[in-house]
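A note on names: the letters A, B, ... follow the listed sequences, proteins ahead of strands, and every chain is numbered from 1. All values derive from a computational prediction rather than experimental measurement.
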Protein chains: 2
Amino acid sequence: MTPAPTNAPTGPNTPTGPASAAELARLAALLADPTRAAFCLALLDGRAWTAGELAAYAQVAPSTASEHLTRLTEGGLLAERRQGRHRYVQLAGPRVAELLESLTAHLDPPTTPPRGLRAAGASAALARGRTCYDHLAGRLGVAITDAMTARGLLDQDGGFALTDAGRDWLGDGLGIGAAALRSGRRPQARGCLDWTERRPHLAGTAGARLCDRLLERRWIRRIGSGRAVRLTPDGATALHELLGIDSAAAGLV
Amino acid sequence: MTPAPTNAPTGPNTPTGPASAAELARLAALLADPTRAAFCLALLDGRAWTAGELAAYAQVAPSTASEHLTRLTEGGLLAERRQGRHRYVQLAGPRVAELLESLTAHLDPPTTPPRGLRAAGASAALARGRTCYDHLAGRLGVAITDAMTARGLLDQDGGFALTDAGRDWLGDGLGIGAAALRSGRRPQARGCLDWTERRPHLAGTAGARLCDRLLERRWIRRIGSGRAVRLTPDGATALHELLGIDSAAAGLV
DNA sequence: GGATCGTTTCGGCGGCGCCCGAAGTGTCGC
DNA sequence: GCGACACTTCGGGCGCCGCCGAAACGATCC
C-alpha cells in the first residue's frame, strides 16, 4: 500500500508563504556570486574596506567591484560611507554578520590547511585567535567560552545564555554593566559556530563588549591589519586570574 | 586629512578566508532561484512532499522541478526517499531549517496581508498557530514562549535557554525527560524569529518535543494538510492550567 | 591650473542557467 | 500483459549576469 500523496498545493509561487520566494531568492542571489561572497567574507572582520581594496582582494577590475558593491549595498547587506574619493563599505550590522555565520557554518568540510610557510603561519595565527565581526573566535574565543561555561557564568546546556553569575562577573570583573549589554533586540549571549574549531563561542552583545574590553586593556592586540589577534603577556595573566585559563596549554600563544 | 587605506589585501579569492568564497556562493546559489526558494519554503513545514506536488505548487513543469530537486539534494539541503514511483523530499535536517529561518528573518518588510476572503482566512489561521519545521510558531508559539519566560522556565534576558525550573517543568508536567532533550549538537533551546509576530519563539529540541507532545495529547491539531494548527478545547484548558495562558485573550481561537 | 588617483558609467562580449516539450524508464492498477 | 502515472533525461531557446576596457567624473596633491 503506497499512500497517495496528500500534501495540499496550498498556493502558487506568489507571496503566500512565510515570505515570498522571490524575496528569498533575491537575498540569496546577492551571495550567490563568488566575488560578492568573497567581499562579504572579507568584511566579516567587522571593519571598513575601500572599494579598491576589495577589488584587489578578489582580483577583479575596479569597475566590476563597484557594481557588486552597489548591489550589495542596495540589497541591505552592506553600509557605505563616502569619504573624499574613497568609498568605504562594511557589513550593515550584526544581523548580517550572523547571517553569514549561519551560511558558512553549513559549508560541509573544514577547508584543507593551506600550503606554504607564509600561508601556514598566517593560518596558525588565525586559528589561535581572531575577531569574528565584533567578538572573539578561534581557540581563544572557544577557550574563554569553555572556561565561562565551566565556571557557571554561561549556560550551554539549556541553550546559550549568560547566567546571573555571568552577568555579575562581567560587571564586577570587567566593568561591563547591564546597560552595556542592553542593545535593542540583539541577544546578550549567542553561540557562534567556529570554522576552525567547529565549536561554539560567545557572540551577541556580551561577546562584543568582552572583545572591546580586552582590546582596551591591551590583553589582546591585533596582528598587523588583519583580523588575527594575539594574547599579550598581561592578557595571559589576566585570563588565568579571571577564568583559570592556562594559555600555554590551551595553545593560545 | 584623509587616512590612506590601510587594510591589507590579505589574500586572493582562493580559499584563504574562513571558508572559500566559492563554496559560500555555491550554497547561496541553491537558494538564489525563485523556484528552488519556493520549494524550500514549502518544505519548511517539516514534512515530505512529492516532486509532483512541489512542481504544481511552484507552477513549473515536472521536468523542471526534477532538476531543481536533484540540485538541492546534491547540495545537501534536501533529503530524499524513493518510494515506489514517488520521490519524497524533505529538508535535510534542523540545521537546514535554521538556515532558512536566518535568511527569511532578514527579509525586510513583513509581507502585506493577502487579498481575498479565502486567502485571508487561511492567513489568519496561520497567524494564530502553525508549525515551523518541527516546533510551534505564530501567536501560539509566541504565547507559550512568553508564558514560559514569565514563569521563569525560560531565560531570554541572557540569551535563550531553559532554566533548571524549565527542565523540571518539561519533565514533570509533560513527561519530556532529559534524555529526550539531548540530541547531538542541537541546542535544547533556541530562539526562532517569527515572520508574523516578529518576535522569538521556542525552537531547538525542547521546542520540537513540546510540539510533538501537544499533538500527541490532542491539545493542538493540524488544520487540513497544511502547516496551520489550531488549539483544541482540551488544549486551551491545559495551557491555562500549565502556563496560565488565556487563549481567548491571546487570540489563539 | 594641471596631473594623479579612486571610483563610476557604459557597451559589448561570453557563458551559465532556467525553462519547456518530447521521449524514455520504472511502478502501479487492472 | 497493457495502459496510466510519476518521474527523469535530453535538446534547444532565451535571457540574465558577470566580466572587462574605455571613458567620464570628482577629489586630492603639487
Handout entry: Whole-Å gap separating P (C:dT7) and CG (A:L69)
Key = 9 Å
Problem - N/O donor-acceptor pair, side chain A:R85 with base C:dC5, under 3.5 angstrom - result: yes
Handout entry: Phosphate contact (C:dC18 OP1 or OP2) by B:R71 side-chain N/O below 4.0 Å
Key = yes
Practice task
Report yes or no: do A:T70 and A:R87 form a side-chain donor-acceptor pair below 3.5 Å?
Solution key: yes
Exercise for the section: Answer yes or no on whether B:R190 is positioned over the face of B:F160, meaning its NZ or CZ is under 6.0 Å from the six-membered ring centre and within 45° of the axis. Expected result: no
Practice task
Would you kindly check whether a donor in the side chain of B:S63 faces an acceptor in the base of C:dG21, or vice versa, at under 3.5 angstrom?
Solution key: yes
Handout entry: D:dC7 base / B:R87 side chain donor-acceptor hit below 3.5 Å
Key = no
Exercise for the section: For B:R26 and C:dC16, give me the distance from atom CZ to atom C1', rounded to whole Å. Expected result: 15 Å
Handout entry: Between D:dC10 (P) and B:E67 (CD): distance, integer Å
Key = 10 Å
Exercise for the section: Report yes or no: is there a donor-acceptor pair, N or O only, under 3.5 Å between the side chain of A:T35 and the base of D:dG18? Expected result: no
Exercise for the section: Starting from C1' on C:dT8, measure out to CD on A:E74 and report it in whole angstrom. Expected result: 13 Å
Problem - Of the listed nucleotides D:dT8, D:dG18, D:dC20, the one nearest the side chain of B:S66 - result: D:dT8
Problem - Spacing of B:D33 atom CG relative to C:dC16 atom P, expressed in whole Å - result: 17 Å
Problem - Between P of D:dG18 and CZ of A:F39, the distance in whole Å - result: 12 Å
Problem - Side-chain N,O (A:H68) to OP1/OP2 (D:dC19) below 4.0 Å - result: yes
Exercise for the section: With rounding to the nearest 0.5 Å, note down the distance linking OG1 in A:T104 to CG in A:L193. Expected result: 8.0 Å
Practice task
Respond yes when some side-chain nitrogen or oxygen of A:R36 is under 4.0 Å from OP1 or OP2 of D:dG18, and no when none is.
Solution key: yes
Problem - Closest contact, heavy atoms only, A:D134 versus A:C211 - result: O-CB, 3.6 Å
Handout entry: Test of ring centre spacing under 6.0 Å for B:Y57 and B:W49
Key = yes
Exercise for the section: Please state how far atom OH in A:Y88 lies from atom P in C:dG6, giving the value in whole angstrom units. Expected result: 11 Å
Completion exercise
Picking from D:dT8, C:dC18, C:dT7, the nucleotide nearest the side-chain atoms of A:H86 would be C:dT7
Practice task
Measure from the side chain of B:A51, starting at C-beta and using heavy atoms only, and say which of C:dT8, C:dG11, D:dT8 lies closest.
Solution key: D:dT8
Practice task
Starting at atom CD of B:E53, determine the distance to atom P of D:dC5, rounded to an integer number of angstrom.
Solution key: 16 Å
